Student: 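Have a look at the structure that comes next, please.
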There are 2 protein chains.
Amino acid sequence: MPASQSRRERPAKPALTREGIIDTAVKLMEQEGLQRVTMRRLAQALDTGPASLYVYLANTAELHAAILDRLLGRVDLDVTLAGADWRGRLDAVLANYEEVLFAHPALARSALVARPAGGNYLALLETLLALLAEGGVPDLQAAWGVDVLLQTATASAAEHSARREDSNAEQDWNQLRQALAGASPDVHPHVRAQADNLVSGTPAERRRWGIDTLLNGIQATTPQSW
Amino acid sequence: MPASQSRRERPAKPALTREGIIDTAVKLMEQEGLQRVTMRRLAQALDTGPASLYVYLANTAELHAAILDRLLGRVDLDVTLAGADWRGRLDAVLANYEEVLFAHPALARSALVARPAGGNYLALLETLLALLAEGGVPDLQAAWGVDVLLQTATASAAEHSARREDSNAEQDWNQLRQALAGASPDVHPHVRAQADNLVSGTPAERRRWGIDTLLNGIQATTPQSW
DNA sequence: ACCTGAACACCGTTCAAGT
DNA sequence: ACCTGAACACCGTTCAAGT
């Protein structure tokens with residue numbers, strides 16, 4: 001019996017690869033949330049020490065970016081809504097993008113800062129640019145527009161998913177409602193008058209309006225116009 | 001000599017108060033950055049143990065929220081640009097808001113998730129709502145609009161300041177430029193064609209266009225229109 | 001009521017040494 | 001080249017005990 005087979009308590013430990021590490025990281029995130037995907041825990045899941053991961057990943061930020069790009073692969077870019085025009089399809093893609101991020105607030109937050117540069121992000125950009133082109137949006141406006149569209153969708157996902165996950169975020173929200181409703185009509189007349197409007201609408205309604213607003217603005221606003 | 005004066009190596013240790021703690025936290029942040037404002041370091045700066053802070057603050061998130069509201073007090077809401085219309089003034093307020101957040105990327109990031117409910121935030125909302133009202137923007141559109149305007153400004157600050165602070169974020173950016181420029185004309189034709197446009201413009205130009213785009217959209221888009 | 005020492009249960013990252 | 005044990009320098013939060 002060769003020495004390599006003498007101890008077989010666990011399934012053969014697979015060789016470390018960047019892909020394999022990220023696979024495990026995604027699984028770990030799905031089971032325990034991104035906040036549990038630390039270098040140490042990930043190493044433990046891979047049956048090694050944390051130092052080993054630094055052969056494949058420069059730091060935690062790079063790990064999170066890699067996880068994000070993996071997740072972006074789940075966004076359905078081939079939405080074929082029967083009879084939907086380009087706006088309807090663009091809305092569907094962004095809604096789906098938000099849904100994917102919605103499951104992982106911390107990831108959405110990191111997406112706002114560390115732009116992914118992976119293949120799946122490129123594919124998402126391509127789809128959005130194609131839809132804007134189909135809608136006759138001039139090139140530069142479309143290019144700058146996708147940025148704002150994605151930024152809004154990402155921020156939205158970060159906010160709403162955090163509100164669901166952290167009980168603190170929900171408390172913050174209630175505190176804000178109270179502060180708005182209790183605003184003095186003398187000091188903050190507009191806030192007071194608009195207290196209800198400021199918190200009205202479902203997340204879906206807000207998103208829908210936000211995207212529509214952005215699209216209307218993007219179509220109407222030439223960068224050189226001022 | 002009373003016992004209370006027998007040891008006087010350091011200036012009399014001031015009694016802990018929430019305000020005092022946050023004062024110290026803001027100073028600490030200015031000197032060493034938000035990432036250094038931990039419960040432990042803050043306690044050290046206050047010449048006490050970390051457990052003492054939990055009498056006044058429920059957790060680190062609450063600490064960061066309090067710091068944020070303090071900083072919001074520095075946004076100049078009385079911009080009186082000679083001859084500027086409401087749009088010009090709104091742009092100035094948001095530019096100033098971004099500047100204030102720009103100095104502290106981590107804070108900008110937290111602002112996206114934990115909405116501040118303090119007095120300074122209320123004052124900012126009031127100013128923005130007043131400017132939109134002056135511009136004749138219908139109430140509901142104005143209420144939903146300030147949200148998107150602030151969200152965009154916040155996300156923008158978070159992104160650009162992170163790029164300045166983390167050398168990693170700058171690397172990410174360069175990687176993205178490369179990925180865009182190197183996109184295959186067959187697989188990602190729109191991305192390839194728009195590679196330059198996607199990264200063109202200064203942050204200021206982008207912000208200006210973004211706000212203008214948003215305002216045009218907000219004015220043109222009724223929530224009930226679909 | 002307010003404050004705190006000490007502990008619990010963790011982190012990221014580096015580096016010299018091994019294979 | 002790849003991998004790792006061990007260490008360095010930290011974290012947030014709790015809780016029993018003190019004043």
Side-chain angles (χ1 to χ4, degrees), chain A residues 2-4 6-7 10 12-22 24-25 28-29 31-67 106 109-110 113-114 162 165-169 171, chain B residues 2-4 6-7 10 12-22 24-25 28-29 31-67 106 109-110 113-114 162 165-169 171:
Chain A
S4 65
S6 63
R7 300 287 266 137
R10 54 185 88 214
K13 184 175 155 186
L16 287 179
T17 62
R18 196 176 205 273
E19 292 301 290
I21 290 170
I22 296 164
T24 306
L28 192 56
M29 180 181 70
Q31 283 160 16
E32 314 194 23
L34 187 70
Q35 68 283 154
R36 300 281 188 228
V37 185
T38 64
M39 289 299 210
R40 290 178 106 103
R41 267 175 192 270
L42 182 53
Q44 208 182 323
L46 288 161
D47 195 22
T48 183
S52 304
L53 302 181
Y54 286 82
V55 176
Y56 304 94
L57 297 162
N59 48 47
T60 307
E62 197 176 304
L63 170 63
H64 288 180
I67 294 175
R109 242 167 300 161
S110 86
V113 182
E165 198 159 272
D166 290 347
S167 58
N168 288 62
Q171 275 185 351
Chain B
S4 65
S6 63
R7 302 284 267 136
R10 54 185 85 215
K13 183 175 153 183
L16 286 179
T17 63
R18 198 178 203 273
E19 292 300 290
I21 290 169
I22 297 162
T24 306
L28 193 56
M29 181 182 69
Q31 283 160 14
E32 313 195 22
L34 186 71
Q35 69 283 154
R36 298 280 189 229
V37 185
T38 65
M39 289 297 209
R40 291 179 106 103
R41 266 175 193 270
L42 181 53
Q44 207 182 323
L46 288 161
D47 195 21
T48 183
S52 304
L53 302 181
Y54 286 82
V55 177
Y56 305 94
L57 297 162
N59 49 46
T60 307
E62 197 176 303
L63 170 63
H64 287 180
I67 295 175
R109 243 167 299 161
S110 87
V113 181
E165 198 159 273
D166 290 348
S167 59
N168 288 63
Q171 275 185 351

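Throughout, a chain's letter reflects where its sequence line sits, starting with A, and its residues are numbered from 1. Since this is a predicted model, take the numbers as computed values, not measurements.
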Student: Grab the OH-P distance between Tyr54(A) and dA1(D) for me, whole Å please.
Tutor: 22 Å

Student: Roughly how far apart are Ile21(A) CD1 and Ile67(A) CD1, rounded to 0.5 Å?
Tutor: 11.0 Å

Student: Nearest to the side chain of Ser52(A) - dT14(D), dG12(D), dT4(D)?
Tutor: dT4(D)

Student: Within the structure, does a side-chain N or O atom of Arg41(A) lie under 4.0 Å from either OP1 or OP2 of dC11(C)?
Tutor: yes

Student: Mind checking the CG-CG spacing from Leu42(A) to Leu57(A)? Nearest 0.5 Å is all I need.
Tutor: 8.0 Å

Student: For Arg36(B) and dA9(D), what is the distance between atoms CZ and P respectively, to the nearest whole Å?
Tutor: 13 Å

Student: Starting at CG of Leu46(B) and ending at C1' of dC2(C), how long is that distance when rounded to a whole Å?
Tutor: 15 Å

Student: Taking the same atom, C1', in dC2(C) and in dC15(D), what whole-Å distance lies between them?
Tutor: 15 Å

Student: What are the two closest heavy atoms between Val37(B) and Ala25(B), and how far apart are they?
Tutor: CG2-O, 3.9 Å

Student: Just verifying a value: how many Å separate Leu53(A) CG and Leu46(A) CG, rounded to the nearest 0.5 Å?
Tutor: 6.5 Å

Student: Let's see if you can work this out: which of dT4(C), dC11(C), dC15(C) has an atom nearest to the side-chain heavy atoms of Leu16(B)?
Tutor: dT4(C)

Student: Taking the P atom of each, how far is dC10(D) from dA9(C), in whole Å?
Tutor: 23 Å

Student: Name the residue closer to the 5' end of DNA chain D, choosing between Pro50(B) and Gly49(A) according to the nucleotide with the nearest heavy atom.
Tutor: Gly49(A)

Student: Once you round to the nearest 0.5 Å, how far does CZ of Arg41(B) lie from CE of Met29(B)?
Tutor: 15.0 Å

Student: When you get a sec, tell me which of dT4(C), dT13(D), dG12(C) is the closest nucleotide to the side chain of Met39(B)?
Tutor: dT13(D)

Student: Once you round to the nearest 0.5 Å, how far does CD of Glu62(A) lie from CZ of Arg18(A)?
Tutor: 5.0 Å

Student: For DNA chain D, please output the secondary structure as dot-bracket, reading 5' to 3'. Pairs are Watson-Crick or G-U wobble, both atom distances under 3.5 Å; mark crossing pairs with [ ], other-strand partners with |, unpaired with a dot.
Tutor: ||.|||||...|||||.||

Student: Which nucleotide in the list dG12(C), dA6(C), dT4(D) gets nearest to the side chain of Ala51(B)?
Tutor: dA6(C)

Student: Going from CD on Gln44(B) to CG on Leu28(B), what distance comes out if it is rounded to the nearest 0.5 angstrom?
Tutor: 9.5 Å

Student: Strictly below 4.0 Å: does Thr60(B) bring a side-chain N or O up to OP1 or OP2 of dT13(D)?
Tutor: yes

Student: In whole Å, what is the span from the CG atom of Leu42(A) to the C1' atom of dT13(C)?
Tutor: 15 Å

Student: Quick one: list whatever passes side chain to side chain donor-acceptor pair (under 3.5 Å) with Thr38(A), sequence neighbours left out.
Tutor: none

Student: May I have the distance from Arg40(B) (atom CZ) to dA6(C) (atom C1'), rounded to whole angstrom?
Tutor: 10 Å

Student: To the nearest Å, give me how far apart CG (Leu34(A)) and C1' (dC11(C)) are.
Tutor: 14 Å

Student: How long is the line joining CG of Leu57(B) and P of dT14(D), in whole Å?
Tutor: 13 Å

Student: Grab the CD-C1' distance between Glu32(B) and dC10(D) for me, whole Å please.
Tutor: 14 Å

Student: Would you mind telling me which of dT13(D), dC2(D), dG12(C) lies closest to the side-chain atoms of Val55(A)?
Tutor: dC2(D)

